[in-house]
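In what follows, a single structure is set out as structure tokens and then discussed.
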Amino acid sequence: MQDTKNPIRGPYFRLLTIAAAGTGSFVLGLWGLRLGVGDQIAGLPAEAIGAIIASLCALAAAGSSLSFFAGVDESAGYVFHETQVDKLTGLLGRSAMVGRISEAAIATARSGEPVFLIDVDIDRFKQINDSIGYSQGDELIRSFAARLRENLPEGAEIGRIGAGEFAILLPDDETSEPVDTMIERLIELMMKPYQLSTHLQSVNLSVGIVAMPKDGTDPILLLRRSNLALQHARASGIGDWAVFQPHMGQVADHRQWVESELHTAFKRGDFELHYQPQLDLASGRIVGYEALIRWRHPERGMISPMEFIPIAEETGMIGPIGEWVLRRACSDARLIPDDCFVAVNISPVQFMTRDFLALVRDVMHDTGIEPRRLELEVTETAMMQDRDRAAHILKELSDMGISVAVDDFGTGYSNLSYLIDFSFQKLKIDRSFVSRMEQDSSSGAVVSTIVGLSRALGVHTIAEGVETENQATLLKAAGCDVVQGYLFGKPGPLI
Ligand code: C2E
Ligand code: CA
Ligand code: CA
């Protein structure tokens, strides 16, 4: 690590040293000249005295230039530290990291020894920061950086290149294990909750990887490519990672298009809601409908929510879109039988906004929906972001008589202890378990365990993505209460 102190030899000090040395030499010169011209001192000839004086002058000059260059070195260290080191974490800053990537790229192009550039980004860091406050946000970044350092090999270089984004340069020969094994282990370690001063904070990560020199040697291009891989990983799920592939460039262009078009789409009224029935497994009766958003673009046709919801979450458009969904679903409730509820998906970003409860109250008031006819689907990831706040919001919703289903259950951070602190009425078993039930006995075991767990907690279970009779039979045998899936009805418009 570079010098981190302020330069002791500041510009004034250096000027003073040079001035003092210069004056000293001058006085010495004068003194010598006077003596040299006059009588001999201590029997020394005038030439010898001249030589001594010259040596003394040279010494003084050497001293002053040494001091000057030491000062320059210190200043360089200081400037480096001020401009190249990230103050919060002590890691390299973005521009220093670009320099290191460039150096590594040159070295790897010469030697052929691969070096990986790994982009690690905390999902929705901006929203986390807004909800926990900047000082705890800083605390989170510091702990994250320290844990990253602890869990990477000595020879890895780490830089903080964005608010919640880190770049790692890892020479292939620094790890004894294959890079994919190492990354998976790292992600698991980094996703363990962080103890902040007031609460435990969970984070999700996305990771993108490029290999040098294969994927390029230009540092900016490499960073762009590792970020493309990261975006790709983010789109495919929590805690995921991806290695850069050339087709990812097109995906990025599409993403940018979606981002720029969402606003217009909202104003133009492109969005609509489709509804998918949920049935009581024992009686076969429809008990509710899940509202699923659809984007009908005038030129491009239907765009899947999987494509645009994550982008809306990142850009903040989820605020107006989520509010629109809630209002529309609650007012659509008039069009479905009175003994059925509407289930509305609530994005984690929306769930954690300060005025979420006020919004729910407002919508209920405006639409006149009875609370028993509204169910909110909230993912476990949303609840884990800030457990205390989540517990408070869930308690309020429960007091209002609104049911909450824990969506995509089993796919998030698998710490079940939080279930005890939270008020909710249903666990929604993720489609990934249901679809594997027939082939893979461990998925069946997971489903039975979730049903058992929900019974112990006194809540109901719903299984999503049921496509075959066989799955329905297995779910019935496992004791699941409610089912939803193409077998019983695809999402569609209400009328
Ligand atoms: P989700 O909440 O897990 O919703 C279930 C998804 O599975 C829906 O996809 C649904 O159409 C699909 N699905 C239902 N039954 C089956 C089946 O039997 N087989 C298969 N293969 N799929 C089935 P969709 O509508 O594309 O929505 C995808 C995701 O987008 C949703 O996942 C949800 O996370 C999000 N989403 C949808 N609408 C909204 C919304 O209004 N607000 C928010 N925040 N997110 C939404
Ligand atoms: Ca859902
Ligand atoms: Ca799901």
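These numbers come from the heavy atoms of this one structure, side chains and all, not from hydrogens, waters or symmetry mates. For ligands, and for the atoms within them, numbers begin at 1 and follow the listed sequence.
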Nearest non-hydrogen protein atom, [atom]:
atom                    : value
atom 31 (C) of ligand 1 : L292 CD2, 4.4 Å
atom 28 (C) of ligand 1 : M306 SD, 3.5 Å
atom 36 (N) of ligand 1 : P305 CB, 4.1 Å
atom 11 (O) of ligand 1 : P491 CG, 3.4 Å
atom 15 (N) of ligand 1 : Q276 NE2, 2.9 Å
atom 43 (C) of ligand 1 : N345 CB, 3.7 Å
atom 39 (C) of ligand 1 : I293 CG2, 3.7 Å

At less than 4.0 angstrom from any non-hydrogen atom of [X], what atoms of ligand 1 do you find?
X    : result
G485 : 15 (N), 18 (O)
D408 : 3 (O)
E464 : 3 (O), 5 (C)
D407 : 2 (O)

Distance-only donor-acceptor check, side chains [X] and [Y], under 3.5 Å:
X    : Y    : result
H199 : Q201 : yes
H254 : E307 : yes
D332 : Y289 : no
N470 : T468 : no

At a non-hydrogen distance cut-off of under 4.0 Å, which region of [X] contacts ligand 1 (side chain, backbone, both, or neither)?
X    : value
R294 : side chain
S347 : both
V325 : side chain
L487 : neither
Q484 : neither
I321 : neither
E290 : side chain

Could you check whether any side-chain heavy atom of [X] comes within less than 4.5 Å of a side-chain heavy atom of [Y], counting everything from C-beta outward?
X    : Y    : result
Y194 : R147 : yes
P298 : D270 : yes
E438 : E467 : no
E261 : I303 : no
S454 : K426 : no
R255 : E314 : yes

Any nitrogen or oxygen of [X], main chain or side chain, under 3.5 Å from a nitrogen or oxygen of ligand 1?
X    : value
S304 : no
I309 : no
R431 : yes
Y486 : yes

Checklist entry - Does atom CZ of R361 have more than 12 heavy-atom neighbours from other groups under 6.0 Å away? => result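 Yes - once you tally the heavy atoms of other residues, nucleotides and ligands closer than 6.0 Å, there are more than 12.
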Checklist entry - In this structure, are over 12 heavy atoms from other groups packed under 6.0 Å from M302 atom CE? => result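 Above 12, so yes.
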Are the charged groups of [X] and [Y] less than 4.0 angstrom apart, N to O?
X    : Y    : answer
R372 : D338 : yes
D138 : R142 : no
D362 : R327 : yes

Item to check | F271 and F308 aromatic centres sub-6.0 Å | outcome: yes
Next on the checklist: Strictly under 3.0 Å, is the Ca ion (ligand 2) approached by any N, O or S atom of E464?
Outcome noted: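 Coordinating: no.
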Next on the checklist: Any N/O/S atom from D407 (main chain or side chain) under 3.0 Å of the Ca ion (ligand 2)?
Outcome noted: yes
Item to check | Atom of D430 nearest the Ca ion (ligand 3) (restricted to N/O/S, atom name only) | outcome: OD1
Next on the checklist: As a test of reading the structure, name the N/O/S atom of D408 that is nearest the Ca ion (ligand 3).
Outcome noted: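 Answer by atom name: OD1.
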Next on the checklist: Tell me which N, O or S atom from E290 is the closest to the Ca ion (ligand 2).
Outcome noted: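 Nearest N/O/S atom: OE2.
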Next on the checklist: Quick check: of its N, O or S atoms, which one does E377 have closest to the Ca ion (ligand 2)?
Outcome noted: OE1
Item to check | Candidate with minimal heavy-atom separation from atom 21 (N) of ligand 1, of K490, H274, E467 | outcome: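 Ranked by closest heavy atom to atom 21 (N) of ligand 1, first place is E467.
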Checklist entry - Going through the distances and angles, do Q278 and E290 end up as a side-chain hydrogen bond (donor to acceptor under 3.5 Å, both in side chains)? => result CA-CA 7 Å; Q278 301 183 338; E290 179 179 15; 4.5 Å; no
Checklist entry - Quick one: does atom 25 (O) of ligand 1 have a protein heavy atom under 4.0 Å from it? => result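 Yes, there is a protein heavy atom closer to it than 4.0 Å.
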Next on the checklist: My question is simple, although I want it checked carefully: is atom 34 (O) of ligand 1 less than 4.0 angstrom from any protein heavy atom?
Outcome noted: no
Checklist entry - Among D119, D86, D121, whose salt bridge (Lys or Arg N to Asp or Glu O under 4.0 Å) with R160 holds? => result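 With R160 as partner, D119, D86, D121 yield a single salt bridge (Lys or Arg N to Asp or Glu O under 4.0 Å), made by D86.
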Next on the checklist: Check contact between G465 and ligand 1, using heavy atoms of the residue and a distance below 4.0 angstrom.
Outcome noted: yes
